Number of protein chains: 2
Amino acid sequence: MGKRKESSTNMVNEKCITEGCDLTYAVCKMGGRWKLLILCKLEHGKLRFGEIKKLIPNISERMLTLQLRELEKDGLVKRTVYAEVPPRVDYELSTMSKELIPIWLQLSNWGAKHRQNQEYQISA
Amino acid sequence: MGKRKESSTNMVNEKCITEGCDLTYAVCKMGGRWKLLILCKLEHGKLRFGEIKKLIPNISERMLTLQLRELEKDGLVKRTVYAEVPPRVDYELSTMSKELIPIWLQLSNWGAKHRQNQEYQISA
DNA sequence: TTCGGTGCTAACAAATTTGTAAGTAATGGG
DNA sequence: CCCATTACTTACAAATTTGTTAGCACCGAA
């Protein structure tokens, strides 16, 4: 998110992992702290920067910007700037990320199901 | 992976995000650097610690241990220790993570498809 | 008695991600 | 001129993750 050192072991490892594994590659694209939450909010249509912020009260403006920028760079959201003052910018899912919606649903279901089990195990 | 500060903003944010979003919760479970790669290797059956290591040449023993421990704690892999010398330990997917296999496949396909597009865009 | 094989752990260092606080630009309205 | 609004940016600090190196325990074989 800040720039990364081109040839740290860390970076090299990430590259070789994602290059060798489509699954890891895919999950990396949605793997920032707030990314999936943002994407979920966009599932029902365009939203302005400020609207997303209101929907995710704990996020800071900086984080929201960073995550949106990466999502944009990776082609998961489309950003539209209107030449107005005060500025207006909106964000929406791209075609590419819309393809993920059914998968997200399955993952969500899996999460819901097993979160319950785990809570059950803990409280039991 | 080391212990985390119970009440850093960071930790609090993670908690509230994963509690509020099943999707984020689910993806967090598989979100360590090497986790999906490990899980993929286990897709075809049990493997010993050393076997996994051989299949993932760049991983350090420490990282492999850490990732396996978290996967175990989260119920995604089952660890079996045999009382032998030298020690023998093997790892396999749990029922819970086997449910994810078809989802991983879809994600993989999505990854493969869009990785190509992106490469095309870059080279064009 | 030393050595090899296996699956780790500990102490430390480096890299990366995340969070905080304080700005900035542009312009129309008062 | 001064202010409010919106979507950011910048500089910094804290937290977390990842990587490096060395070592440990066990027992049987040589």
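Given the structure is predicted, the values throughout are model-derived calculations rather than measurements. Throughout, a chain's letter reflects where its sequence line sits, starting with A, and its residues are numbered from 1.
The closest donor-acceptor contact from the side chain of B:Gln106 to the backbone of B:Pro102 lies under 3.5 Å.
Side-chain N/O atoms of B:Thr9 include one lying less than 4.0 angstrom from OP1 or OP2 on C:dT20. Not one side-chain nitrogen or oxygen of B:Arg88 sits closer than 4.0 Å to the OP1 or OP2 atom of C:dG5. Between B:Arg79 and C:dC8 there is a side-chain polar atom (N or O) within less than 4.0 angstrom of OP1 or OP2. Of the side-chain N and O atoms in A:Asn10, none sit less than 4.0 angstrom from OP1 or OP2 of D:dT17. Applying the 4.0 Å criterion to OP1 and OP2 of D:dA7, one finds that A:Arg48 has a side-chain N or O inside that range.
Between B:Val81 and B:Pro87, every side-chain heavy-atom pair lies at or beyond the 4.5 Å cut-off.
Across the protein-nucleic acid pair, A:Asn13 atom CG and D:dT20 atom C1' stand 12 Å apart, rounded to whole Å. D:dT10 atom P lies 11 Å from atom CZ of A:Arg69, rounded to whole Å. Rounding to whole angstrom units, CD of residue A:Glu70 and P of C:dT16 are separated by 13 Å. Across the protein-nucleic acid pair, B:Ile17 atom CD1 and C:dG19 atom C1' stand 12 Å apart, rounded to whole Å. Atom CD of B:Glu84 and atom P of C:dT6 are 12 Å apart (whole Å). Distance CZ (A:Arg33) to C1' (C:dT16): 13 Å, rounded to an integer number of Å. To the nearest angstrom, P of D:dA7 lies 9 Å from NZ of A:Lys54. Atoms CD (A:Gln67) and P (C:dT17) sit 10 Å apart, rounded to a whole Å.
Side-chain contact check for A:Tyr25 and B:Arg115: no donor-acceptor pair (N or O, by modelled atom type) lies under 3.5 Å.
Side chain A:Arg62 to base D:dT9: no donor-acceptor pair is found below 3.5 Å.
Toward the 5' end of DNA chain C, the nearer of the two residues B:Pro86 and B:Tyr91, judged by each one's closest nucleotide, is B:Pro86. With the nearest nucleotide of DNA chain C identified for both A:Val85 and A:Gly32, A:Gly32 has the one nearer the 5' end. The 5' end of DNA chain D is approached more closely, in terms of each residue's nearest nucleotide, by A:Glu51 than by the other of A:Glu51 and B:Pro87. In terms of position along DNA chain D, the nucleotide closest to A:Val81 lies nearer the 5' end than the nucleotide closest to the other residue of the pair A:Val81 and A:Met11.
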* May I have the step-by-step check of side chain to side chain contact (heavy atoms under 4.5 Å, CB included) for B:Ile103 and A:Leu107, ending in yes or no? => CA-CA 7 Å; B:Ile103 305 182; A:Leu107 279 170; 3.8 Å; yes

* Worked check of side chain to side chain contact (heavy atoms under 4.5 Å, CB included) between B:Leu64 and B:Ile38 -> CA-CA 9 Å; B:Leu64 183 50; B:Ile38 294 170; 3.7 Å; yes

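The nucleotide whose nearest atom lies closest to any side-chain atom of A:Val89 is, among C:dG19, D:dT16, D:dA7, D:dA7.
Here B:Thr65 lies in heavy-atom contact (under 4.0 Å) with a base. Residue B:Ser60 is in base contact, counting any heavy-atom pair closer than 4.0 Å across all strands shown.
Under a hydrophobic clustering in which Ile, Leu, Val, Met, Phe, Trp and Tyr are joined whenever their side-chain heavy atoms come within less than 4.5 Å, directly or via other members, A:Tyr82 and A:Val77 fall into different clusters.
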